[in-house]
Structures are given as C-alpha cells and as structure tokens.
Amino acid sequence: MSEPAKAYEPAAVEDRLYARWIESGVFHANPSSSKPAYAIVIPPPNVTGVLTLGHVLNNTIQDILARRARMMGFETLWLPGTDHAGIATQTVVERTLRKERRQTRHDVGREEFLRLVWEWKEKHGGIIITQLRKLGCSCDWERERFTMDDAYARRVQEVFVDLYEKGLIYRGKRMVNWCPVSRTALSDEEVIPKPQKGFLYYFRVEVVEKPGTWLEIATTRPETIMGDTAVAVNPRDPRYSALIGCHVLRPLPQEERAPLPIIGDEAVDFEFGTGVLKVTPAHDKADYEIGLRHHLPIVEIMNPDGTLNEQAGEGFAGLDRLEARVEAVEQLRSLGALTREEPYENNVGFSERADVPIEPRLSEQWFLKYPRVEEARAAVRDGRIRFFPSRWEKVFDHWMENIQDWCISRQLWWGHRIPVWHHASTGGMRCQIASPGPGWEQDPDVLDTWFSSWLWAHETMDVPTRQKFYPTSALVTGPDIIFFWVARMIMAGLEYQGEVPFREVVFTGIIRDKQGRKMSKSLGNSPDPLDLISKYGADGLRFGLLRIAPQGQDIRFDEHQIVEGRNFCNKLWNACRFRQMHGNPNASARPTNHVLPLFCADILARLDDTIRKIDAGYAGQRFSEIAQVLYNFVWGDFCDRFIEAVKPDFSGQESLRQAAVFATMDYVLSRILRLMHPFTPFITEELWLNLGFGNESIQNADWPEPGCHAPAPEAETAFQSVAAARTARSAYSIPSNQRLPWVLVGAPPWVAAEAAALASLLNAKELTLSDQPPGGLAAVVPTAIGTFHLPLEGIVDVAAESARLESEIRKAEAEVVKARAKLAQPAFVNHAPAEVVAEHRAREVAWGERVQALQTARDALQSQPVP
RNA sequence: GCGCGAUUAGCUCAGCGGUAGAGCGCCUGCUUCACACGCAGGAAGUCGCAGGUUCGAACCCUGCAUCGCGCACCA
C-alpha cells in the first residue's frame, strides 16, 4: 500500500468525489422508496446571484441535515433551484442592453427583451448552482427547479386565478410604495426605513379671510407644496380651530397660487412642528387618508421616474425630486415665506433593491388578502411548525397579527404575467390564463417574485414526489425573510396542500466582518467562498464556519476560523494515515470481543458519550455545538490521548492486547468518519474508501448509535496524573523530548498493565513502578495514581525543587481552606444537596492528602546531602 | 414608543444555580519514527453596572448602561 500524503490535499479529492456521487445517484430521491421521507427545499437563490458566505452557512446546514438523514435511513430529498428575481434580473439585463447597444427595454420591445433575459439566464444564470456543487451540496440535481419553468409558471397563474375567484385578489387604486428607479410598485416588506439627515423647513402662508394672520407650516418635503390641496390643523387645537373653513394661499407654484382650505382633522399632532400640516394627497400615505375624509382634490405633480411634471409648474417640471426640493426652498426664500430651517433627522423609506427613497404614489395595483392567516398562526403556536431559535415565533406572530394586504403587481416585464385580460373597446376584464380571444389584451404587469416563491415548497414537486415528500422536514433560512417567504409559504401550503410546508424552520445568523459590519459588495469585506475553498478545501470552510456559528446568532467572520477547519481536517487525515501505516483496518472490528485495555475501554465510553451529545445537538439544531463536540473528541480524546497512549501497542509484538487496540481504533475511526461526514463530506468519503471501511459511499453507511461501553474513570485519572508530571518536567525546563527514567511510587495495582502507556504519554525512557522512593535527588509529583519521581541528578538544584514544592503546597493549602470554609457554614451543609456537600468533603480530603504528600517530599528533599 | 438579541481571557465564542472554559493569539520548550495545518507546558478574566432571591449567582428576578436588530411613528 502506498503511503498517503503527509497532509490532506482537498483539491486532489473534491471534484473527483463529487463526480462520483453524481454518477452513482446517491443524491437522487426515489418517491417510491419504502423508507421514511426526509425533505428540504432549498431557499432558491437569485438566478443572478453568486455564492456568498451567507449561502455557504445556509447550504452547509442543509447539506448536514440531508446527509445525516440519508445515513439514518431516510429517503432524502434536497430539492435545489433558483428564483427569477424579477427586479434584479431585469435590471442586470437592462444595464447590459444600455451598455452594449445603447438601448432601453422599450426600444427593443417586450418580446425581444424577454428573449434577451432568457438568453442571459441560460448563459450566466447557473453560476451559483455550480458553486453549490463545489461546496459539496448533496442536492437532487435531477429535480432542479426555476420559478419560471413552464409547469411552475403555469401553477403561479392558476393560483392567481383561483385566489381571484375566491375574492382574495382584487385590483384597486391605492397609495403604494413606488420605486422611481425600477419604476414599479413594491410591497411594504421591500421598503427599508433609513434615518436621513435633512431639514425641517418652516414657511408661512397668509389666511385669505384674515389678512395679516399668518400660519406657519413645517415640512421635510417642500418640493410637494405644488401638490398641496389643503392645510390641516387639529380641531381641538385652540390656536387654530377658529380658522377652520378659512383659506390660505399656496405659495408654489408662483404662477398658480391657489387658495387652499384650512381643514380640521384629528390626525394632526399639535405637538409636532407648528401643529399645522400641509396636505398632499397624491404624494403621502397619511395625507391621502386625510384627503379621502375631506374629499380633497388629488394633484399629482410627479412622474413615475421621480421627476416633477407640468402640474408642478414651469419652474419645477423636469426637475428630479431632490433638485426640486432645493428649488422650492430657494423660491420660498425669495418670496420671504421661508421662516426657518432646522436640521432634522427622520426615517425615509428606501427601496430594498435600488436603494433610493421610495415615493408614495397613487396607482392601480393588484392586491392579495392573505388566506389562512389564523391557521398559519395556530400552526406555529401549536408547534406543528417549530422555529429554531424559538424567539422568532413571536416575531412571526406579531407580523401575522398586523398583516396588511399584499401588493402583488409589479410594473416589470420579467416575471409571471398577470393572467387578466382587458378588452380594448368594451373595457371588460377577465381573469383567466388563456386569452379570451381577439380584442383582449393581457394585463401588462407581472407578479411579485415572492408570489411565485411562496409556492416553492410544493410546486417544485411533481405529484409522486409531493406525495412522498410533502410536507418537508426542515427549512433553513435567514430571519430577514421571515415575512417575505417563511410566513407566506406557510399560508400557501395550508391553502393549496391543506398542510404546513415544513415541520422545522432553522434560522441562521448573519455573517459579519471582524468589525461587526454586514458583508457587502461596496465595502469589499466579503471574501469569495470559492477562494476560501481553493485555499482551505470545502470541508475546511464548512467545518470552520459551522464551528463559530451559534444557533441564530450573528457571526463575526475571521479567516483564521477557516484555517482551523482546514487544520482539523488535516488532523483527521493524519490520524487515519497513522492507522494505515500499520496495515489495513478491519471494517467490521468488534472491540467487545476482546479483553479491553484501560484506554480502549475509555475511548469507547467517550465515543458513546460523544454520539449522545451529537444526537442531542441535532435534536436542537445546534450545529456549532456538534462541531465543537466532534473537534474535542477527535483531537482531544482520540488523537492526543487515546492514540498517544496506545502507541506502544502499535509498534510492539503481535499480541492479544494489540489486537484489542487495533479493533478499538478501527471501530472508533469508522464511527468518527461517519459522525464527521455531514460536516466534512469529502475528506470522510475519501478516508472511508481508502481505509476500506466500505466499498461504496459513506453516504450509504449507517449513522452510528451509542453503544453501552462502561466508563473507565481510571483513564481520566491517569491522564490528569500524567499532565501533572509533564507540568513538573516543564517547571525544570526539561525539554519534552528528553527521555528520562521515571519512577512511580505507590501506584494502585491496575497501573501495572498501563505502565508502557504512561511511559509513552510521558515520553519517558522507562517508567518503573516501585514501593519505595528511589534514592537521590528527584522532582516529586504526587498524583492520584501515586507519586512520580523524576531523577534530577545534575539537572537542577535542591533549592529550585524546594521552592517549587513550597509553591505547590501553598496552592493545595489554599484549596483545602476554600473547601473547609464552605463546609464550616452550617447553612451550606444543611441546605445544599447531599452530593454537593459530599463533593466538597472529597475535595477537602484530596487536597489535604496532596498537601501531605508534598510536605513529605519537601522534607525528604531537605534531608538530601547537597551535591 | 414597543419588542427581541448581545455584553465572559487580547480576539472569536461556549458555559445558563454548586471548584470560571475552548480555539486562536501571546510566552517557554520541542523537527519524540501520524500530523510544525504539529507536540508538551505556561501566563492571562472584579463573567457590562447596580440592587434583589438563594446556603451558594456568570447563570434566576428587577432596574440601568452600551451595541445591534425588528415593529410602530416619522409634517
């Protein structure tokens, strides 16, 4: 057998194994399987997207769940795909069109534009999918879906028609959030409030009926004055109530200074500003409501792109809204109407995609009254759906409680076109998928992308697949889309399948940089996961990231953590390499058929314990905890302790003991590989096959179950005693590679069998067990397994050892005092549980014995002749 | 304004009622025949602050502070 490489080289392994997995079809889910089902649908990334660290975290968790489910004997489906990302994709293609052809989408026309989008999608849309493969994701690629697939798109339209017929979808002229860059309506969820530093402008207007009486009005948006159709005050405000019914002259536009009524409306807060509110029904949500109550005219002064129109007057038409603000302030100033400007910070709604202030705008849109709201709330409240961490349940419920109708129409071309037809001449309207015939034109708008992805959990599946795999088992996503997607999917699932779409929702945290900032393209603080994969391997990236990702908590990313992941993989690689250097493992090793040496019994018991901890971690979706448990077991228990302790057996003569050690090692290793596999799929598969644990993929191996190996507490005692001896050695600056003859005095009988192991752990030249302290100058280390004597002739002087012992005595005495103090409190002894009291008693005794032993050693030392 | 989260070693984080932990970083020694992507040892913390409950609090309760997030308000 050729010796394996000294270090794990992921690049040499990953692509080869992934190709093998695909070829063998291990990721393909069979709906007619008799095994129980486990299913995950991927949160579809944008087809325009590239892999981010957020995706790595999210998809690694899904892969972990899927791979473990397969090993646990579930027929497992991880269904992948992408969504069409209406605005994002359309914007990308429009940009290309502008750059390459200096054309807009209107120049090429709807049909040609959509052809170009599809062309773009075919060419560039698959990037993120390829990247997921690099990560090792075990998706069923034969079932990859896209929200614009024919069958899927048809279902989206059918759902629209259905909801329309149920009276839940309606068209209406409403105030909506308008994005002037994308020139489309947005849902409330797509508006992000951002604090903006601006000014509160105060201007005055004269009351027409009472010349000489002026009203002062405060506004942040003087550019909308031209659209004002009233001035409102609170009717209970004594300062102004008498003026209700009078008029003021609107100052702008100057060529048309219309008289505006002063109206009384309870919505006016008389604490704010001057208590006088200008009312712009066409450009403000609250003002629109006031306008409805008072039958005010609606004057639209803005174009869809955010520039002002002719209604705004000559001086303003064509100006952008922000330029218009400057102009309006200038004009007010020159009119002498501007009384003051105060710096002011307020929240302005920004478009999530385009990152510009949205404009409240009156327009004809399609709205959905959500179905199954109460049922969805109940499903989460009753635990039919569980959130991890559970605190998100409250956030979900609060949103559901205050849910508003959803604006689902978008003024875009790329997306699912609304299945509504308008008759050109009669003005008739029909909601159906096919054209009703000549003279009918389809509604030009498309649906919100989320209106298609809310069906993702069931409409990505064909009928047999759905029968087997719906409802899905888990959804892994970010809490930022709890409203956009999670809540809506629950409602859609209940409406169209009569059952919740998933049982568990795992919310991940957000990955931030070392300074705690969100990763973003503009900051350039977002490392490319593919670079990280090529530097550290996919497994190193996955493990390193997962180890620092506590459940639902934000993560401060540090590349060092990925280095750690890589190092850990290498550690595992070398533990296996060490085994291989001593021949082939036995795949079906059964250590319980042997008489087990202490350290074998110990590692087996620790393995059981580790498996239990890991299973408990999975039950609570605590992946970083699982990673940590694996790390501690593999590196600490298995490599640093077990392997180091049994090394003498490896190189020694063939014996029953050696056979037991090999059997134990093979048994544990084969379970380590399986337990690690969901986190680090490539290296574990490679080792699984190389070591001959199986001929086929580790994915087909059984998930390990804890055995019932009895704990061997003497092992822990031995390790701690060895550690104490090593510390003493270090205290004399004796290099760890200097092999010295150690003597252990007064060891219990069981130690004899493990003397070679202890010698190995100490890197001793030899370890002699004795009843009597050896003569001569020695460092003396009392431990729970006896007193170690390290000959120091010619190495160190009496004074140094004496000082060391004194310091040890003081430490031990302090512990005795601590324990005694506690036990001296009657309150403690009377109230604390018996076992806690007993523990303190034992502590007192143990430290007391240590003090004794150390004192004896010190006395013996001081009676030594000085060399 | 309401709600949620965070605050523990220089850094990143565990611990959530019974002797303060891990990894990294740092210091010391070591190319000991699996691994320097490593081995051995070490230093390092009034567990944000103030009260309270308890025999006992990093942990439970109350209040406060700082940072972050969400909702509401936003003339």
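We name chains A, B, ... by the order of the sequence lines, and we start the count at 1 in each one. Model, not experiment: these values are computed from the prediction. Just so you know, these numbers use all the heavy atoms, side chains as well, and skip hydrogens, waters and symmetry mates.
Residue Thr727(A) places at least one side-chain N or O under 4.0 Å from the OP1 or OP2 atom of rG42(B). When the side-chain nitrogen and oxygen atoms of Lys765(A) are compared with OP1 and OP2 of rU32(B), none of them lie within a distance under 4.0 Å. Between Trp635(A) and rA34(B) there is no side-chain polar atom (N or O) within less than 4.0 angstrom of OP1 or OP2. Taking 4.0 angstrom as the limit, Asn737(A) places a side-chain polar atom (N or O) nearer than this to OP1 or OP2 of rU31(B). For rC4(B), neither phosphate oxygen OP1 nor OP2 lies less than 4.0 angstrom from any side-chain nitrogen or oxygen of Arg391(A).
Across the C1' atoms, rU19(B) and rC33(B) are found 41 Å apart, a figure rounded to whole Å. One C1' atom belongs to rC55(B), the other to rU66(B), and the distance between them is 34 Å to the nearest Å. Here the separation of rC16(B) from rC37(B), taken at their C1' atoms, is 35 Å to the nearest Å. Nucleotides rG17(B) and rA44(B), compared at atom C1', are 27 Å apart to the nearest Å. Comparing the same atom, P, in rA43(B) and in rG21(B) gives a spacing of 12 Å after rounding to whole Å. To the nearest whole angstrom, the two C1' atoms, one in rC13(B) and one in rG70(B), are 24 Å apart. Atom P of rU53(B) sits at a distance of 41 Å from the matching atom of rA72(B), rounded to the whole Å. Using C1' as the reference atom, rA14(B) and rG45(B) are 15 Å apart when rounded to the nearest Å.
Considering all non-hydrogen atoms of both residues, Ala230(A) and Ile263(A) come closest at CB-CD1, 4.1 Å. For the pair His294(A) and Gly264(A), the tightest heavy-atom approach, listed with the atom from each and the gap, is CE1-O, 3.1 Å.
Considering only the side chain of Gln561(A), rU12(B) comes nearest among rA34(B), rC33(B), rU12(B). Taking only side-chain atoms of Glu564(A), from C-beta outward, the nucleotide of rC55(B), rG23(B), rA34(B) with the closest atom is rG23(B). Among rG41(B), rA34(B), rC37(B), the nucleotide with an atom closest to any side-chain atom of Asn570(A) is rC37(B).
In this structure, Cys569(A) reaches neither bases nor backbone, as no heavy-atom distance under 4.0 Å exists between it and the strands shown. Among the protein residues, Arg726(A) comes within range of the sugar-phosphate backbone only, with heavy atoms under 4.0 Å from sugar or phosphate atoms but none that close to a base. Nucleic acid contact class of Ser730(A) (heavy atoms, under 4.0 Å, all strands): sugar-phosphate only. Among the atoms of the strands shown, only primed sugar atoms or phosphate atoms (P, OP1, OP2) are found under 4.0 Å from some heavy atom of Arg547(A). Contacts of Lys194(A) with the nucleic acid, taken as non-hydrogen atoms under 4.0 Å apart, are absent.
A residue-by-residue look at Pro735(A) and Arg739(A) shows that Pro735(A) has its nearest nucleotide of RNA chain B further toward the 5' end. Nearest-nucleotide mapping onto RNA chain B: of His560(A) and Arg729(A), the residue sitting toward the 5' end is His560(A).
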>> Generate the contact string for nucleotides 69-75 of chain B. Rules: B means base contact, S means sugar-phosphate contact only, - means no protein heavy atom under 4.0 Å.
In response: --SBBBB
> Nucleotide by nucleotide, 5' to 3', does protein get under 4.0 Å of the base (B), only the sugar-phosphate (S), or neither (-) in nucleotides 14-21 of chain B, counting heavy atoms?
Replying inline: S---BB--
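Phe599(A) and Phe719(A) have tilted rings, their planes meeting at an angle from 30° to 60° on a 0 to 90° scale.
When both distances must be under 3.5 Å, the Watson-Crick or G-U wobble mate of rA50(B) is rU62(B). Base pairing analysis places rC33(B) opposite nothing; no Watson-Crick or G-U wobble pair with both distances below 3.5 Å involves it. Of all nucleotides present, only rG5(B) satisfies the Watson-Crick or G-U wobble test against rC67(B), with each distance under 3.5 Å. Nucleotide rG17(B): unpaired (no Watson-Crick or G-U wobble partner with both distances less than 3.5 Å). Remark: rG10(B) base-pairs with rC24(B); criterion is Watson-Crick or G-U wobble with both hydrogen-bond distances under 3.5 Å. Nucleotide rA43(B) is matched to nothing when pairs are restricted to Watson-Crick or G-U wobble geometry with both distances under 3.5 angstrom.
The nearest whole Å value for the distance from the CD atom in Gln738(A) to the P atom in rG41(B) is 17 Å. Separating the CG atom of Asn763(A) from the P atom of rC39(B) is a distance of 14 Å, rounded to the nearest angstrom.
Of the N and O atoms on the side chains of Asn177(A) and Asp188(A), at least one donor lies less than 3.5 Å from an acceptor on the other residue.
Side-chain to base pairing of Arg577(A) with rC35(B): no donor and acceptor N or O lie closer than 3.5 Å to each other. Remark: the Glu644(A) side chain and the rA40(B) base include no donor-acceptor N/O pair separated by less than 3.5 Å. For Lys6(A) against rA36(B), no side-chain N or O and base N or O form a donor-acceptor pair under 3.5 Å. Looking at Lys394(A), its side chain has no donor and acceptor atom pair within 3.5 Å of the base of rC4(B).
Judged by distance alone, the side chain of Arg321(A) and the main-chain N or O of Arg221(A) form no donor-acceptor pair under 3.5 Å.
Between Arg293(A) and Glu266(A) there is no salt bridge, since no side-chain N of the basic residue sits under 4.0 Å from a carboxylate O of the acidic one. Under 4.0 Å is where a charged nitrogen must lie from a carboxylate oxygen, and between Glu289(A) and Lys285(A) no such pair does. Between Arg566(A) and Glu559(A) there is no salt bridge, since none of the side-chain N atoms of the basic residue sits less than 4.0 Å from a carboxylate O of the acidic one. Salt-bridge check for Lys278(A) with Asp228(A): passed, with a basic side-chain N closer than 4.0 Å to an acidic carboxylate O.
Residue Gln404(A) places its CD atom among 12 or fewer non-hydrogen atoms of other residues, nucleotides or ligands, all under 6.0 Å distant.
Of the listed residues (Arg820(A), Lys822(A), Arg850(A)), just one forms a salt bridge (Lys or Arg N to Asp or Glu O under 4.0 Å) with Glu844(A), and that residue is Arg820(A).
The side chain to side chain donor-acceptor pair (under 3.5 Å) search around Thr680(A) returns none, not counting sequence neighbours.
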>> Between Gln720(A) and Thr717(A), is the side-chain hydrogen bond (donor to acceptor under 3.5 Å, both in side chains) condition met? List the steps.
In response: CA-CA 5 Å; Gln720(A) 282 179 9; Thr717(A) 310; over 6 Å; no
